[in-house]
Amino acid sequence: MNGQPLARLAVLISGRGRNLQALQAAVADGRIPAVIVGVISNRADAEGLAYARNAGLPCTVLPHRDYPDRAAFDAALAAALDALQPDIVALAGFMRILTDGFVRAFEGRLLNIHPSLLPRHKGLHTHDAVLRDGDGEHGATVHFVSPQLDGGPPVIQGKFTVDAHDDAARLAERVMTEVERKIYPQAVAWMARGELRFEQGGAAFRGRPLREPLSLDDLESGFR
Ligand code: GRF
């Protein structure tokens, strides 16, 4: 580990947790030089929680319905995160819109993965939107989080060609297996190593501002 301390990684989930599993696998085998200090879910029934508990990861459930409004939930989330002292906060299928105050408090540490080729198809139902618009390509994007929904500086984007067999379910599966489970661990590894940073409102990679997102071609062999 070159004597460098492990980065402290927190992962936020709401659902199945396949991205969490990909991150955990890469932490466990040393591809990501980090320790997962906590998994936080806004849903007690998130399938990903069962996985996380089985893997021995410390879990916290903060049901958003227990809070009167978005600001109160985000304050509780910020407090739970502050207790973990994370260097990196990975939103992994975390289905909550975050307040500006929350985003500013964690700016530069917050990464998200979104199932589309941003800036195309922000928000929900991206696979349906790809089919509706007849897009020739689809994929996913890892980006730093800014107060604009799905609008922060992109880091890496993986794409594939949409084919005649693709319905929304197949696209969702392809986005996960062909793209997300590769690019998210890679991006978090770069960040944990200090090669990826948030600087002056943008993404910087190995000391230079990223003018366009990295791609599947940039994946290191362990992440392909
Ligand atoms: C992923 O496609 C992610 O991009 C989107 O929701 C899905 C989450 O899957 N936000 P999982 O919970 O990681 O399995």
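We're numbering straight along the sequence, starting at 1.
Follow the hydrophobic side-chain contacts under 4.5 Å out from Met191 and you never reach Val89; the two are in separate clusters. By the rule that hydrophobic residues join a cluster once side-chain heavy atoms approach within less than 4.5 Å of another member, Val155 and Leu117 end up as members of separate clusters. Under a hydrophobic-cluster definition in which Ile, Leu, Val, Met, Phe, Trp and Tyr are linked whenever side-chain heavy atoms come within less than 4.5 Å, directly or via other members, Val61 and Val11 are assigned to the same cluster. Using a 4.5 Å cut-off between side-chain heavy atoms of Ile, Leu, Val, Met, Phe, Trp and Tyr, with links allowed through other members, Tyr184 and Phe205 fall into the same hydrophobic cluster. Cluster annotation: Leu81 is not connected to Leu23 through the hydrophobic network of ILVMFWY side chains, with a link wherever side-chain heavy atoms come within less than 4.5 Å.
The side chain to side chain contact (heavy atoms under 4.5 Å, CB included) test with Ile36 singles out one residue from Leu57, Ile88, Leu84, and that residue is Leu57. If you run side chain to side chain contact (heavy atoms under 4.5 Å, CB included) between Phe106 and each of Val145, Leu77, Asp82, Leu98, only Asp82 comes through.
With a 6.0 Å radius and a threshold of 12 heavy atoms from other residues, nucleotides or ligands, Glu212 has its CD atom at or below the threshold. More than 12 non-hydrogen atoms from other residues, nucleotides or ligands lie less than 6.0 angstrom from CZ of Arg8. Environment of CZ in Arg43: sparse, with no more than 12 heavy atoms of neighbouring residues, nucleotides or ligands closer than 6.0 Å. Other residues, nucleotides and ligands contribute over 12 non-hydrogen atoms within 6.0 Å of the CZ atom of Arg224.
With hydrogens and angles ignored, the 3.5 Å screen pairs a side-chain donor or acceptor of Thr141 with a backbone N or O of Ser116. Under the 3.5 Å distance criterion, the side-chain polar atoms of Thr126 are left unmatched by any main-chain donor or acceptor of His121.
For the pair Arg120/Val130, no side-chain contact is recorded, criterion being any heavy-atom separation below 4.5 Å from C-beta on. Residues Phe223 and Arg31 have side chains in contact (heavy-atom distance under 4.5 Å, counting atoms from C-beta outward). Side-chain contact check for Val142 versus Asn112: every heavy-atom pair is 4.5 Å or farther apart. In this structure the side chain of His138 reaches within 4.5 angstrom of the side chain of His127, judged on heavy atoms. No side-chain heavy atom of Ser215 sits under 4.5 Å from any side-chain heavy atom of Ile156. Looking at heavy atoms from C-beta onward, Val39 lies in side-chain contact with Ile13 at the 4.5 angstrom threshold. The shortest distance between side-chain heavy atoms of Pro115 and Glu180 falls below 4.5 Å. A 4.5 Å side-chain heavy-atom check between Leu6 and Pro33 finds at least one atom pair inside the cut-off.
A pairwise comparison of heavy atoms in Ile183 and Ala140 identifies CD1-O, 3.6 Å as the closest pair. The two residues Leu20 and Gly48 come nearest to each other via the heavy atoms CD2-O, 3.9 Å. Considering all non-hydrogen atoms of both residues, Leu131 and Asp166 come closest at CD2-O, 3.4 Å. Scanning both residues, Leu210 and Pro154, for their nearest heavy atoms gives CD1-O, 4.1 Å. Of all heavy-atom pairs between Ala192 and Ala34, the closest is CB-CB, 4.5 Å.
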Task: Pair Asp87-Arg109, side chain to side chain contact (heavy atoms under 4.5 Å, CB included): steps then yes or no - done: CA-CA 6 Å; Asp87 301 303; Arg109 291 185 280 169; 5.5 Å; no
- [ ] Report the C-alpha separation of Arg18 and Arg181 in whole Å, then their side-chain angles, then the decisive distance to 0.1 Å, and conclude whether the side chain to side chain contact (heavy atoms under 4.5 Å, CB included) test is met.
- [x] CA-CA 8 Å; Arg18 289 161 298 170; Arg181 68 175 185 79; over 6 Å; no
- [ ] For Arg193 and Glu220, run salt bridge (charged side-chain N to carboxylate O under 4.0 Å, His left out): C-alpha distance rounded to whole Å, both residues' side-chain angles, the deciding distance at 0.1 Å, then the answer.
- [x] CA-CA 13 Å; Arg193 290 186 214 142; Glu220 296 165 351; 2.7 Å; yes
TODO: Applying side chain to side chain contact (heavy atoms under 4.5 Å, CB included), run through Val175 and Phe160 and close with a yes or a no.
DONE: CA-CA 8 Å; Val175 165; Phe160 58 79; 3.9 Å; yes
Task: side chain to side chain contact (heavy atoms under 4.5 Å, CB included) between Val27 and Leu9, intermediate numbers included - done: CA-CA 10 Å; Val27 166; Leu9 171 63; 4.3 Å; yes
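Taken to the nearest 0.5 Å, the CZ atom of Phe102 stands 6.0 Å off from the CG atom of Asp74. To the nearest 0.5 angstrom, Lys159 atom NZ is 11.0 Å from Asp135 atom CG. In this structure, the separation between CZ on Arg197 and CZ on Phe144 is 9.5 Å, given to the nearest 0.5 Å. To the nearest 0.5 Å, the span separating CG on Leu49 from OG on Ser14 amounts to 9.5 Å.
Between Arg174 and Asp163 there is a salt bridge, since a side-chain N of the basic residue sits under 4.0 Å from a carboxylate O of the acidic one. Taking a cutoff of 4.0 Å between a charged side-chain nitrogen and a carboxylate oxygen, Arg132 and Asp128 do not qualify as a salt bridge.
Both the sub-6.0 Å distance and the 45° axial angle are satisfied by Arg96 relative to the ring of Phe73.
The stretch residues 50-67 participates, sequence neighbours left out, in these side chain to side chain donor-acceptor pair (under 3.5 Å) pairs: Asn42-His64.
Looking at His114 and His143, their side chains never bring a donor and an acceptor atom within 3.5 Å of each other.
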